[in-house]
Undergrad: 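Questions regarding the structure given below will be posed in turn.
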Protein chains: 2
Amino acid sequence: MSRDTEDGTVGKALAVLDQVAAFGHPVRFGEILSKSAYPKPTLYRFVQTLTNQGMLSYDPDRQTYAPGVRLVRLAHAAWAQSTLAPVARPYLDALSADVGETVHLAQLDNAQVLYLDKRNAVQPVQMYSQAGKVGPAYCTGVGKVMLAFTPEPQLDRIIAQQSFHAFTPETLTTPDALMEELDNIVARGYGFDREEHEPGIICIAVPILTEKGRPLGGLSVTSTTARQSLDKLEKLAPMLQQTARDIAYDAAHWHIKDED
Amino acid sequence: MSRDTEDGTVGKALAVLDQVAAFGHPVRFGEILSKSAYPKPTLYRFVQTLTNQGMLSYDPDRQTYAPGVRLVRLAHAAWAQSTLAPVARPYLDALSADVGETVHLAQLDNAQVLYLDKRNAVQPVQMYSQAGKVGPAYCTGVGKVMLAFTPEPQLDRIIAQQSFHAFTPETLTTPDALMEELDNIVARGYGFDREEHEPGIICIAVPILTEKGRPLGGLSVTSTTARQSLDKLEKLAPMLQQTARDIAYDAAHWHIKDED
DNA sequence: AAACTTAGTTTCACATGTTGGAACTAAAAT
DNA sequence: ATTTTAGTTCCAACATGTGAAACTAAGTTT
């Protein structure tokens, strides 16, 4: 259904856009060129086109390119119309107030985890800095619960794209180890992050599933080993599962419009 | 420099993306078709391509398309790398704490005002619901101050694209009236929204200018006629101007990277 | 249940837009 | 003044996008 293969000029242009975004800072044409497979004039035309379109912005003083503001406008629409994000918002508020720990709402984007929303107990919400962030699927709580409920054909494709980089000593670094973990998650109905991505950071996560059992997204409560234990987090499982069911129900029956 | 003319296949595809986003809710193929100038198969291919690329997401149950999550990821990069938004954040926090009214950071996107960030005195920050929102340039405080400092050739193009719709009795509805207002703003160094966009809503706005006087963005403090008067808001002008200068300075000298 | 309507998808000859080697210009570096 | 590097334009060869027409699937009417 979804191709990683670039289709057509549009796909190539968007791949260039991703490239630029991946740098994480404004870049000069030459820098993009050095990381790109395209010949100079071809890449140049892509960059021009994207710039004309407002998908890239060009700083004439520094002669650098960065992802353009048009994306911010489009993303607002994407967020507001996404099945999950607007519906889940009040539930995140409630959860956050209840548990007093960091709460995440995420979704699979290709083979990565994409964070759609966040509540942090300590400081007030700072969404843009977090929503839109991506992380690995194979070593985060939300990532694994979503994978666990992803059917075979897709799952294989996604697993093939994981880096299996060992962020910590606890990281699962082989497809086999991950598959076993996914089986456990399905059996249990929820999953953990046991310091697999960052030392000292643990989490419990539940999937948000459609009626047909397809994973829409994931919900997690994150804490530190200093403050919580996995056992204590596990006590939240029933409540999280109920919240996930509520969100799934609302997502299936509502549809919110973009408003002030 | 920037074209509204569609260049190539990429431009056309992105125009389709805008179309879909403009609906404000998930749409079926036929709905897009009815608003599009393209013949059925052509549009169909665009929609397919965009869907494959993750720029549109397709809901198989409802058979609807909506802007895709890939945009959220890209927008995160755009926001984090934008010259203004990350730099301005702490200043907005401070301003908001100081004045206790709604504070906006905006930028020009094509001929529209695009809100990049917001602080609301009442409830904690809810950025995604606001950042990315667009508004008219000719009848908002931030819009007018940015236009006021936009040089002739561009300004004409932008003004030609304004609708001059009369949102309220106070709305400036002719290019001439707007030009006169812009002159006043340049002379004064700041501008107002005198209930021109929404009845009862007033604001004071200042431009954020580069060393060369090019407008990077705008900063505004919004209130209601019930709580504030224009005279009282005007007292904030010096402080806002100083903040704008500070932001401009930081924007020119810093460059922040994407971090946690 | 057959006939009709509407929404979505596939096909294919044609032409338009994309490609990239080569050649050019602008600006630094030597 | 000369060389090097970065950015830009040209254009012939060719790959890709185009859209009328034809088709399938689903829903509606008689």
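Atoms considered below: every heavy atom in the structure, side chains included; atoms not considered: hydrogens, waters and symmetry mates. Below, chain A is the first sequence line, B the second, and so on; all start at residue 1.
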Undergrad: Rounded to whole angstroms, how far apart are CZ on B:Phe46 and C1' on D:dG17?
TA: 8 Å

Undergrad: Please state how far atom NZ in B:Lys12 lies from atom C1' in D:dT16, giving the value in whole angstrom units.
TA: 11 Å

Undergrad: Can you check the B:Phe29 CZ to C:dT9 C1' distance for me, whole Å?
TA: 9 Å

Undergrad: Whole-Å distance between D:dG17 P and B:Leu50 CG?
TA: 12 Å

Undergrad: How many Å lie between CG on B:Leu43 and C1' on C:dA7, as a whole number?
TA: 13 Å

Undergrad: For the pair B:Phe167 and B:His197, name the ring-plane relationship: parallel under 30°, tilted 30 to 60°, perpendicular over 60°.
TA: perpendicular

Undergrad: Run the ring-centre check on A:Tyr38 versus A:Phe46 and record whether the distance is less than 6.0 Å.
TA: yes

Undergrad: Want to settle it: does A:Thr42 or A:Gln63 sit nearer the 5' end of DNA chain C, counting the closest nucleotide to each?
TA: A:Thr42

Undergrad: Please classify the nucleic acid contact of B:Arg45 as base, sugar-phosphate, or nothing, using heavy-atom distances under 4.0 Å.
TA: base

Undergrad: Looking at A:Lys40, does any N or O in its side chain come under 4.0 Å of the phosphate oxygens OP1/OP2 on D:dT9?
TA: no

Undergrad: In whole Å, what is the span from the CG atom of A:Asn52 to the P atom of C:dG17?
TA: 16 Å

Undergrad: Would you mind telling me which of C:dT9, C:dT18, C:dG21 lies closest to the side-chain atoms of B:Thr9?
TA: C:dT18

Undergrad: Both A:Tyr65 and A:Val10 contact DNA chain D. Taking the nearest nucleotide for each, which residue is further toward the 5' end?
TA: A:Tyr65

Undergrad: OP1 or OP2 of D:dG7 versus the side-chain N and O atoms of A:Tyr44: is any pair under 4.0 Å?
TA: no

Undergrad: Classify the ring geometry between B:Tyr138 and B:Phe164 as parallel (under 30°), tilted (30 to 60°) or perpendicular (over 60°).
TA: tilted

Undergrad: Parallel, tilted or perpendicular: which fits the ring planes of B:Tyr65 and B:Tyr58, with parallel below 30° and perpendicular above 60°?
TA: tilted

Undergrad: Over all strands shown, is B:Pro41 touching base, sugar-phosphate only, or nothing at heavy-atom distances under 4.0 angstrom?
TA: base

Undergrad: Looking at C:dA7, D:dT18, D:dT8, which one has an atom nearest to any side-chain atom of B:Arg28?
TA: C:dA7

Undergrad: Tell me: CD of A:Gln48 to P of C:dT19, nearest whole Å?
TA: 14 Å

Undergrad: Determine, for B:Asp109 against A:Arg73, whether the closest basic-nitrogen to carboxylate-oxygen distance falls under 4.0 angstrom.
TA: yes

Undergrad: Figure out the CD1/P separation between B:Ile32 and C:dT9, and round it to whole Å.
TA: 11 Å

